[in-house]
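Computation of the quantities below employed the complete heavy-atom set of this structure, encompassing side-chain atoms and omitting hydrogens, waters and symmetry-equivalent molecules. One-based numbering, in listed order, for ligands and for the atoms of each. Numbers here are sequence positions counted from 1.
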Amino acid sequence: MNSFDTIVARATPAGKGAIAVVRVSGPTAFDCTDALLKNKISLKKSHTALLRQFFDANGMIDEALVVLFKGPKSYTGEDTVEISVHGSDYIVNRLIAALLLNGCRVAEPGEFTQRAFLNGKLDLAQAEAVADIIAAEHRFAHDQALKQLRGGFSGDIDALRDRLLHFTSLIELELDFGEEDVEFASREELTSLVTNIKHKVDALKDSFALGNALKQGFTLVLAGRPNAGKSTLFNSLLNEDKAIVSDIAGTTRDAIEDRLFIEGLSLRLIDTAGIREATDVIEQQGIARTFKHIEMSGATLYLFEIGTISPAELESDLLELISKTDRIWVVANKMDSFLGDIAPYTAVVERITQLEMWQISANDRLSVVGLTKQLAFRFQQDLGILDDQTVVTNARHANSLLHCSQELQHILDGIRNALTGDLLSFHLRSAISALSAITGHIDNEEVLGNIFSKFCIGK
Ligand SMILES: Nc1nc2c(ncn2[C@@H]2O[C@H](COP(=O)(O)OP(=O)(O)OP(=O)(O)O)[C@@H](O)[C@H]2O)c(=O)[nH]1
Ligand SMILES: [Mg+2]
């Protein structure tokens, strides 16, 4: 890539629309634009919007609004022009062709953001957040991307990195003194610093499994014996008559899924075939699929019809499920027709899952609304998605954190085994460079190219 080129691309999606925006960035952005205008813009003030008529050799292209940003006060850090034309593919293509004739070239995917990074307007994690914020389809993904874009995540990483850098410099100072056997960096302090940092790095690394699941859409599976009311609850949560409900056990034979939004989270809700000894081959296959979904789920909502199964049967169902998945949330259904004692059931659930048993009537709207609230609360409490908490949602970041954590472990082991200062310093530097890779204090062209190629053109 030659960062001295002036690049051009459409910044809005293809197709008809009220307007379409064409972006031009680079040293000749104003000249290229002026070449199509009678009334020049290059001498106008930065950050102004101007109405202009654009012409090529064949006549007028369009009347458009031009916003100019003089570098470095622009998204890319370079001179930039954003031209809002009428949203027609024909106009956009003709305008871009005219700009190309005047010396621009077509931008590569993500090249505007890549320039913003190279010009120090954004660090790498922030640049990646631009792609995430565009892709965000629900509040959780949006919140995390926004936090990352505004530099919150980078700030956390840089703070950890700075503390490690400080110690590295002390250790390296020791090395300079060679034989004199001085210890500037107390090994005790180093142990407690590294332990502390490793704790934070591990917490961030571990948040990825959940962060990724939540970003992609967390899978919530409805499972239980036939007739428990799974399809009734499925329909009620979705507010739609999607699954067939009947009092015939074994009604649902194949998994059905839909997307459910709860409190800003996007969930894949899956209704499954009831689990029992199958009566035919098709049902058998359906039940095998149920188990597959349970194994892959973010959480399984186990539903049972209270009164028709005993606490002992509930216990054996839960023990079987808990061997297949980490998260089982238990719901007692048909509370409207139960008059018995609930305590033996709640005792079993609390003992096995360490969580409260929810009680509902799936055919009662209010009861299901209550369940939705409890689900939202459990997402917040049990999954630790608190508003101010940083959750890692990017696989590249998770990988770097893992690498950093391993290096920190080497340091802790090393201190215990009286490893020499130069080896400690080697691992410290590796740990630091793993953290640096997240925010982009790296100069590896290949890594950068790979990150920005995932963007769409015009970003
Ligand atoms: N009284 C009462 N009946 C319910 C409740 N929820 C579901 N039912 C009834 O229970 C029966 C079975 O409901 P379904 O939703 O089809 O049960 P399912 O778990 O999907 O059953 P399978 O698909 O066969 O595994 C239907 O007749 C429902 O109307 C409830 O809260 N109270
Ligand atoms: Mg069903």
Side-chain angles (χ1 to χ4, degrees), residues 219-260 262 267-297 299-311 313-318 320-321 324-325 327-346 348-349 353 356-375:
T219 308
L220 187 62
V221 172
L222 288 170
R225 297 188 180 199
N227 264 346
K230 302 177 293 297
S231 301
T232 308
L233 179 60
F234 180 78
N235 289 344
S236 185
L237 283 169
L238 294 172
N239 245 331
E240 195 185 332
D241 252 347
K242 184 156 179 170
I244 300 173
V245 167
S246 86
D247 57 3
I248 302 165
T251 303
T252 307
R253 297 216 147 192
D254 206 348
I256 311 175
E257 81 167 80
D258 209 331
R259 194 182 266 232
L260 173 69
I262 290 185
L267 308 176
R268 273 179 71 202
L269 185 67
I270 305 183
D271 181 22
T272 61
I275 302 166
R276 65 169 170 184
E277 288 295 327
T279 52
D280 62 56
V281 189
I282 299 172
E283 190 177 15
Q284 218 168 27
Q285 282 191 21
I287 294 171
R289 282 181 193 195
T290 299
F291 279 112
K292 207 174 267 163
H293 282 298
I294 291 171
E295 280 164 23
M296 310 276 286
S297 70
T300 293
L301 217 53
Y302 170 82
L303 208 67
F304 71 99
E305 178 176 348
I306 193 146
T308 60
I309 69 170
S310 67
E313 288 170 316
L314 173 64
E315 175 163 4
S316 94
D317 280 8
L318 293 184
E320 185 181 1
L321 287 177
K324 298 192 159 47
T325 180
R327 252 179 234 115
I328 300 169
W329 298 342
V330 183
V331 186
N333 188 29
K334 309 198 189 180
M335 288 304 294
D336 55 314
S337 50
F338 179 66
L339 297 169
D341 182 10
I342 192 93
Y345 293 97
T346 49
V348 166
V349 173
T353 69
E356 175 201 355
M357 178 181 86
W358 289 324
Q359 304 168 30
I360 64 161
S361 295
N363 56 8
D364 172 38
R365 187 82 215 115
L366 267 183
S367 169
V368 173
V369 170
L371 177 68
T372 312
K373 292 216 166 70
Q374 284 174 307
L375 271 169

| field | Ile342, CD1 atom: more than 12 neighbouring heavy atoms under 6.0 Å | value |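 Counting other residues, nucleotides and ligands, CD1 of Ile342 exceeds 12 neighbours.
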
| query | With a 4.5 Å heavy-atom cut-off, do Phe234 and Leu269 have their side chains touching? | reply |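 Side chain of Phe234 against side chain of Leu269, heavy atoms only: contact under 4.5 Å found.
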
| said: Please output the residues near ligand 1 using a strict heavy-atom distance under 4.0 Å, listed in chain and residue-number order. | reply: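 Ligand 1 is contacted, at a heavy-atom distance under 4.0 Å, by Pro226, Asn227, Ala228, Gly229, Lys230, Ser231, Thr232, Val245, Ser246, Asp247, Ile248, Ala249, Gly250, Thr251, Thr252, Gly274, Asn333, Lys334, Asp336, Ser337, Ser361, Ala362, Asn363.
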
| task | With sequence neighbours left out, write down each residue that passes salt bridge (charged side-chain N to carboxylate O under 4.0 Å, His left out) with Asp364, or none if nothing qualifies. | result |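 Result, salt bridge (charged side-chain N to carboxylate O under 4.0 Å, His left out) vs Asp364: none returned.
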
| said: Tell me how many protein N, O or S atoms are within a distance shorter than 2.8 Å of the Mg ion (ligand 2). | reply: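 Atoms of protein N, O or S type lying less than 2.8 Å from the Mg ion (ligand 2) total 2.
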
| request: List the atom of Asn227, the atom of Ser246, and the distance in Å for their closest heavy-atom pair. | output: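 Looks like OD1-O, 3.3 Å.
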
| How close do Ile287 and Arg276 get, heavy atom to heavy atom, and via which atoms? |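 Scanning both residues completely, I find the closest heavy atoms to be CD1-O, 3.2 Å.
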
Got a list of side-chain donor-acceptor pairs under 3.5 Å for residues 366-374, not counting sequence neighbours?
residue : atom : partner : partner atom : Å
Ser367  : OG   : Ser361  : N            : 2.9
Thr372  : OG1  : Val368  : O            : 2.8

| Is there a donor-acceptor pair closer than 3.5 Å between any side-chain N or O of Ser297 and the backbone N or O of Ile294? |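 Yes, because the side chain of Ser297 sits within donor-acceptor range (under 3.5 Å) of the backbone of Ile294.
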
| query | Could you give the distance from CH2 (Trp329) to CG (Leu375), rounded to the nearest 0.5 Å? | reply |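 Trp329 atom CH2 to Leu375 atom CG measures 6.5 Å (nearest 0.5 Å).
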
| query | For the side-chain hydrogen bond (donor to acceptor under 3.5 Å, both in side chains) test, which of Asp258, Asn235, Asp271 pairs with Lys242? | reply |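 In the set Asp258, Asn235, Asp271, the residue that makes a side-chain hydrogen bond (donor to acceptor under 3.5 Å, both in side chains) with Lys242 is Asp258.
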
